[in-house]
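In what follows, every chain begins at residue 1, and chains take the letters A, B, ... in the order their sequences are listed.
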There are 2 protein chains.
Amino acid sequence: MGKALTKNQTLVLDTLSKADGPLSAYSILDDLRDEGMQAPPQVYRALEKLLKTGLIHRLESLNAYIACRDPDCVSHPVTGFAICETCGDVSEFAGEKISKQLKDWEDDNGFLVEKTTIELRGICRPCKG
Amino acid sequence: MGKALTKNQTLVLDTLSKADGPLSAYSILDDLRDEGMQAPPQVYRALEKLLKTGLIHRLESLNAYIACRDPDCVSHPVTGFAICETCGDVSEFAGEKISKQLKDWEDDNGFLVEKTTIELRGICRPCKG
DNA sequence: ATAGCGAGCGTTATATTGTAACGCAATAAC
DNA sequence: GTTATTGCGTTACAATATAACGCTCGCTAT
Ligand SMILES: [Zn+2]
Ligand SMILES: [Zn+2]
Ligand SMILES: [Zn+2]
Ligand SMILES: [Zn+2]
C-alpha cells in the first residue's frame with residue numbers, strides 16, 4: 001500500500017499533471033506561490049518523493065520534471081523519452097527491446113543497474129511537417 | 001581536417017584526459033586557475049567546442065564532463081555510459097544493437113533524432129565484490 | 001499514556017551549475 | 001589591406017539544487 005500523498009506532494013503532482021510539457025522545479029514553485037509554496041526545498045522534497053514512487057519522471061538533459069502518463073510505466077523494464085527541440089513536446093516510451101540489449105551489456109560487464117536514463121533530443125513528426 | 005585546438009581548449013581537454021573520472025566545469029576551472037583560467041565562460045566555451053568535435057562527452061545525469069576514450073566513438077551510432085555510484089568510475093560503451101531498437105521507434109514515430117543520451121547508474125563489477 | 005521515532009514542514013542561507021553581454025585580439029577569408 | 005569569424009578575458013547575473021535548523025504531526029513500543 002502506497003501511503004497517501006501529502007498536501008505539498010499533491011500540489012506538485014497536480015501542477016505537473018496539468019502542464020502540457022516538462023516544468024522546472026522553480027516554475028513549479030512559481031505556480032504554487034499562492035497555495036503556500038514559499039521556498040525551493042518544499043518543491044524539491046515533494047519532487048523527490050514523487051520520483052521515488054514513480055508518479056513523475058526527471059528529464060536529465062533538461063533539468064525538468066514531467067508527470068508520468070503511462071499507466072503501465074512501473075511494469076516496463078526501462079522508460080525512454082523523446083524530446084522535441086522545436087515544440088518542447090515529450091513522448092514517453094517503453095524500451096522493452098532496448099532493455100534486453102542493455103541487460104546483455106550489464107551481464108557481460110557485471111554491472112548492476114539501479115537507474116537507466118534514455119533521452120532522445122530531436123524533431124517530432126508534427127514539427128517536421 | 002579538424003582544426004587545431006586553442007590553448008584553452010587544450011588545457012581543458014588535458015585536464016579531462018588526465019582525470020580518472022568525470023569532472024564538473026567548476027572543478028576544471030579550479031584545476032586551471034594557475035594556467036590562466038579565471039572565469040566560468042572560458043571553461044564553458046572550451047567545453048562547448050570539445051563537445052561539438054566529439055573529443056569529450058557530457059554526462060547529463062551528473063552535470064559533468066569526461067574525455068572520450070573510445071577511438072572509434074564517432075563511428076558508433078550511439079554511445080552509452082555506465083556510471084558506478086560507489087567508485088564513480090564511468091565506462092563508455094557502443095550501443096550498436098540498442099541503436100537499431102531506437103531507430104525502429106524513431107521510424108515508427110517519425111522522430112528525427114539529433115542527440116541520444118543513454119546513462120546507466122549502478123554498481124560496477126569491482127565494487128560488487 | 002507517554003515517550004520516542006520518522007516523515008514531512010517552513011524557513012534562512014548557501015552551494016553548484018550555467019549564461020548574457022561587453023569590448024578586444026588573433027586569425028582566416030577576400 | 002579590409003573584413004568576417006572565432007575565440008578571449010571580464011563582469012555580472014540567472015538558474016538549479018542543497019544544508020541545516022527547529023517544529024509539528026502521527027505512529028508505535030514500552
Ligand atoms: Zn512513466
Ligand atoms: Zn515538435
Ligand atoms: Zn566517446
Ligand atoms: Zn565501482
Thr6(A) side chain near dC9(C) phosphate (N/O to OP1/OP2, under 4.0 Å) = yes
Any donor and acceptor pair, going by atom type alone, linking the side chain of Ser27(B) with main-chain N or O of Leu23(B) inside 3.5 Å?
-> no
Return the nearest nucleotide to the side chain of Pro40(A); candidates are dA17(D), dA20(C), dG8(C).
-> dA17(D)
Between the side chain of Gln101(B) and the main-chain N/O of Ile98(B), is any donor-acceptor distance below 3.5 Å?
-> no
What does Gln38(A) touch in the nucleic acid at a heavy-atom separation under 4.0 angstrom: a base, only the sugar-phosphate, or nothing?
-> sugar-phosphate
Whole Å only: how far is the CD atom of Glu60(A) from the C1' atom of dA15(D)?
-> 16 Å
May I ask you to evaluate whether Gln42(B) reaches the phosphate of dC8(D), defined as a side-chain N or O under 4.0 Å from OP1 or OP2?
-> no
Check whether any side-chain nitrogen or oxygen of Tyr44(B) sits under 4.0 Å from OP1 or OP2 of dC8(D), and answer yes or no.
-> no
Separation of dC9(C) P from Glu35(A) CD (nearest whole Å) | 15 Å
Expressed in angstrom and rounded to an integer, what is the separation of Leu47(B) atom CG from dG7(D) atom P?
-> 13 Å
Could you state the atom-to-atom distance from CG of Leu50(B) to P of dG7(D) in whole Å?
-> 11 Å
Per the side-chain contact (heavy atoms from CB on, under 4.5 Å) rule, which among Leu59(A), Leu62(A), Val90(A) passes with Glu119(A)?
-> Leu59(A)
Which distance, rounded to the nearest 0.5 Å, do you find between the CH2 of Trp105(A) and the NZ of Lys97(B)?
-> 13.5 Å
If you take atom types as modelled and just measure distance, does the side chain of Arg45(B) reach the base of dG9(D) with a donor-acceptor pair under 3.5 Å?
-> yes
Return the value, rounded to whole Å, for the distance between atom CG of Leu11(A) and atom C1' of dG10(C).
-> 14 Å
Distance only, no hydrogens: is a donor on one side chain within 3.5 Å (strictly under) of an acceptor on the other, for Arg121(B) and Thr117(A)?
-> no
Rounded off to whole Å, could you give me the CZ-to-P distance for the Arg58(A) and dT16(D) pair?
-> 10 Å
Any sub-3.5 Å donor-acceptor pair from Gln42(A)'s side-chain atoms to Ala39(A)'s backbone N or O?
-> yes
NA contact type, Lys49(B), heavy-atom cut-off 4.0 Å: base, sugar-phosphate, or nothing?
-> sugar-phosphate
Answer yes or no as to whether dT17(C) has its base stacked against Tyr26(B), where stacking requires a ring-centre separation under 5.5 angstrom and planes under 30 degrees apart.
-> yes
For Asn8(B) and dG9(D), is the shortest distance between a side-chain N/O and OP1 or OP2 below 4.0 Å?
-> yes
Using the C1' atoms of the five pairs at each end, what is the angle between the end axes of the helix from dA1(C)-dT30(D) to dC30(C)-dG1(D), to 10°?
-> 40°
d(CG, Leu23(A); C1', dA15(D)) in whole Å = 15 Å
On DNA chain C, check which nucleotide each of Ser27(B) and Gln9(A) is closest to and give me the residue with the more 5' one.
-> Gln9(A)
Under 3.5 Å donor-acceptor, Glu35(A) side chain and Leu32(A) backbone = no
Give a yes or no answer on whether the side chain of Asp70(A) reaches the backbone of Asp72(A) with a donor-acceptor pair at less than 3.5 Å.
-> yes
Whole-Å distance, Ile28(B) CD1 to dT16(C) P, equals 16 Å
Could you check Asn63(B) against Lys7(B) and say which one's nearest nucleotide on DNA chain D is further toward the 5' end?
-> Lys7(B)
